[in-house]
Amino acid sequence: MTERQGVLDRMADFGRAMIGGLGALSCRKPKVTLGVWVLLSVLAGWYSADNLTMSTSTSDMIAPDTAFRQHTEEYRQAFPFADDQIVVVVDSPSPDQSDAAAVRLAERMSARTDVLSAVEVPSADPYFHRYGLLFLDTEKLQDLATRLAGAQAALGALNAAPNLQGLADLLDLILTHADEGAPATPAELLNRLAVSTATVADGHPVPLSWTGLVQAADEEDRAANRRFVLARPILDNSSFGRGRPAVTAVHEAIGAVMAEPVGQGVEMRVTGAVPLRQTELDTVANSAGLATILSFILVSAVLIAGMRSGRLIACIMVVLLLGLTLSAGAAALTVGRLNLISVTCAVMFFGLGDDYGGHLGLRYQEELRRGLPPLAAAIEAVRAVGPALVLSTLCAIIGFLSFVPTAYLGLAEFGVISAVGMVVALLISLSLLPALIVLLRPGPGVPAPEREDRGFAGWVSRHHRAILALAGASAVLSMAALPLVRLDVNPLNLQDETTEAVATYRDLATTPRTSPYSVNILTPDLAAAQALAERLRGLPESGGVRTFASFIPKDQEAKLPILADMSLLLGPSLTAPVESAALDQGGLERAVATLKTVLDGYRTDKRDGQPELRTAVQSLDRALARVRPTQFATLDGALTGGVPPLLDRLREGMAVEQPVTAADVPDSLKARWIAADGRARVEVLPTHDISDSRAMADFADAVLAVAPNATGAPVTVTEAARVVGSSFLEATALTLVLMVLLLVAVQRSVTGMVLILAPLILAALWTMATAGLLDIPFNFANVIVIPLLFALGVSSSIHMVTRGQDLVREGASDSAFGIELLVTSTPRAVLVSTLTTSTAFATLALSNHRGLSSMGVLLAVSITYTVISSLVVLPALMILWHRWRLRRRPAAPVRSPTR
């Protein structure tokens, strides 16, 4: 034996002595041990309650020193409004109704100053009211002027009496002269009047949109009728409910508006960064809480089936609960906060902490069946499995900490918390668990029938070559499926798509001009912004580029003369009338009677008329017949309420005589495009829905090639995907390298290291192939699965290889080695601990959060694969190696008889 080997042996002996001494001390002083751990748990619980906070930002999952996060932070500093917004999307059949509902909603939301700091309706800015006509294309503005000129008399009638009486005069004029130059064709106008009148008769009035009547047909679509209400919430970033009060206030305001006449027929949906994040937080919190409870229950159930001793299971459960409290305190002391991944640390602790209890408990029962008294059995269990538990913990720590050197801060924090939790689980299991066993003195349980154990052991021993051949073939097939594995780190794809915030966000993404997947670039000034915008407009991936200059109308030289002609021709007809009193009930009844008379006159006219127009007249006549006198005031508002706003905007728009300049743009709008220090913003929109990660990456890469400092959701998601992907490769490589070094140092044998890692590599290939075949992409949460597979699965391999090495030292024969290995308590301990771990992780699969759900599924699958590889493939490999080694051992020399 070399001097180095002697030193390693002495160190190993010292380690085993320390572990055995800790177990012996705890068993001989069980009450003191229990008291110390309970006291520490109480202190840890108190400390974690006061100091363990919650990080609720998904962007904080990536290290802040990465380039794209620095660009994002620089942009946010320049334009603070860009983050933490609540967006209410207002849709209705008409632009007038959307405008009225959005303004009314903003009024109600503005009253909630306790949770909302600012509320605005961008489309309601007086700037757009005054200069709105100049933002029309020149051709569309000329078309509007032509149609309004033909409707001069009709507009004059409405301007003189914007009520049911004026509407009756208008229809009389139209139907008498069949004036095709009305704001809309007569048939279209009458059909819309009929629809609105029918809604009044039904008790759910929907106002007629006069703005829609004067717009060109291609302008009046769902997106053109859409309005947005933006709000800045007051947030509590230390709480899971950071944005819930603000979101709740918005929903309450929506409910109040929907109950008013202005809200009839209007759809209002809430989305934006804050509702999306709050929805995710609520889902994660609910899922983590449910998974923690279920994992505790299911782990208990599996332990009952595996150990069949109520007292022993009670000991393990007490250790798990106290250990969880201690882990929370350790997390508060080391990291200080939880994130969207580390919030699952309780499930992780239950799933892994029971591993220690399972091995110790089953070894204790085995020693009892051998005839040892409880105290000696407990001490021997610690001495026998303690070294393997320590080695397993070190390997787990390597896997958990493998993300710390990477830029993936979210998993780095999760790894630190989990690694500390494993240390806690090891220490409390090696000391408190044997102490509780001594105090409660659980029995040996009911062992599984030996015949069945030997039957499985004999089957593996007889077919070990076939098992290895099948495992090799499956490895080759798994590698062939690896190209199907994909990475998707779009945070939206991790959330429940049925929630309002997510569904609305996706709906907005389907229309390029409302797409939330825009990219923003910060430039030194407006001139630089304009120059960059011209370059970006040439990109095939660009669906539109906006700067501050986009809010100054173009081609004003051609548009101003058109407005002047409109003012000259229509001005006399649209002179603001003297305000008259609203029609009383008698006036309303006379106006409705006049309307019916006009319709009856056209309907009974013997002249050949237009078929479509006659049908429209009949529809309006039937609808009017259903309206009760008590509904006449409502009818007046529904049919003519939109006339004054339309005429006001026309008067205001036609009065513009001078070109609009940057000085005319209000500061509230300018602040969204020009920062206080003069830097200017450029926004690039996609050409289509880029919710798919690959389409999003194409768009982001095209913009980044022109503007490397671009930011926004497409850039953030794309760059984060690269960080996560590289972090995954770094963490996996680091885990393997450090684990190899540790195992070689401890095992002092390359063979032992290969035996431990080979089944894990096979399980990893199976897991990745399963993810590819089932189309389960790796994401922000489940990307930790493969490093964790090595970190957690190595425990099973270590226990099996260590027990096999013990049998070899005890002189196991060639033919009996496999059977002797598989009939010990070690395989059952591996099975029980692995099943509890897999079961605990499987509870995460019930989550509505796709990140946690896929994490639970893949962890459960990977751990299940490790038990198959550890209890079937690894024993077959160990049998083959053991027999090959015995055959190569030189035969002992035969001495000749002495004379």
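Throughout, residue positions are numbered sequentially from 1 according to the sequence presented. Quick caveat, the model's predicted, so the values are computed rather than measured.
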* Please step through salt bridge (charged side-chain N to carboxylate O under 4.0 Å, His left out) for the pair Arg383 and Glu380, ending with a clear verdict. => CA-CA 5 Å; Arg383 186 201 66 78; Glu380 178 59 23; 2.4 Å; yes
Tell me the closest heavy-atom pair linking [X] and [Y], and the distance in Å.
X      : Y      : value
Pro442 : Ile437 : CD-O, 3.3 Å
Leu401 : Ala419 : CD2-CB, 3.7 Å
Asn782 : Met855 : CB-CA, 3.6 Å
Ala471 : Leu762 : O-CD1, 3.7 Å
Ala328 : Leu52  : O-CD2, 4.2 Å
Val420 : Ala330 : CG1-CB, 3.1 Å

From [X] [atom1] over to [Y] [atom2], what is the distance, rounded to the nearest 0.5 angstrom?
X      : Y      : atom1 : atom2 : value
Leu426 : Thr393 : CG    : OG1   : 4.0 Å
Leu436 : Arg441 : CG    : CZ    : 13.5 Å
Leu333 : Ile417 : CG    : CD1   : 11.5 Å
Met422 : Ile397 : CE    : CD1   : 9.0 Å
Arg363 : Leu389 : CZ    : CG    : 11.0 Å
Leu322 : Leu34  : CG    : CG    : 7.5 Å

* For side-chain contact (heavy atoms from CB on, under 4.5 Å), just list the numbers for Trp766 and Ile868, CA-CA rounded to whole Å, side-chain angles, deciding distance to a tenth of an Å, and then say yes or no. => CA-CA 11 Å; Trp766 287 347; Ile868 295 173; 4.1 Å; yes
* Apply the test side-chain contact (heavy atoms from CB on, under 4.5 Å) to residues Ser429 and Val319: give CA-CA distance (whole Å), side-chain angles for both, the deciding distance (0.1 Å), then the verdict. => CA-CA 7 Å; Ser429 296; Val319 169; 4.1 Å; yes
Can you check whether [Y]'s main-chain N or O pairs, donor with acceptor, with [X]'s side chain at less than 3.5 Å?
X      : Y      : answer
Ser48  : Gly45  : yes
Thr406 : Ser727 : no
Ser870 : Val867 : no

Between [X] and [Y], is any pair of side-chain heavy atoms under 4.5 Å apart?
X      : Y      : value
Leu360 : Leu430 : yes
Ser402 : Phe790 : no
Leu320 : Leu324 : no
Val382 : Leu22  : no
Phe400 : Val416 : no
Ile798 : Leu743 : yes
Thr325 : Leu321 : no
Met800 : Ile756 : no

* Distance-only polar pair, side chains of Thr770 and Tyr865, donor-acceptor under 3.5 Å ->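 Yes, a side-chain donor-acceptor pair sits under 3.5 Å.
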* Judged by modelled atom types alone, do Ser431 and Ser26 share a side-chain donor-acceptor pair under 3.5 Å? -> no
* Is it true that Glu367 and Arg370 make a salt bridge, defined as a side-chain N closer than 4.0 Å to a carboxylate O? -> yes
* Could you walk me through whether Ile62 and Leu409 pass the side-chain contact (heavy atoms from CB on, under 4.5 Å) check? -> CA-CA 5 Å; Ile62 306 297; Leu409 187 60; over 6 Å; no
* Asked: Would Trp37 and Leu326 count as a side-chain contact (heavy atoms from CB on, under 4.5 Å) if you check the C-alpha gap in whole Å, the side-chain angles of each, and the deciding distance to 0.1 Å?
  -> CA-CA 9 Å; Trp37 281 113; Leu326 287 164; 3.4 Å; yes
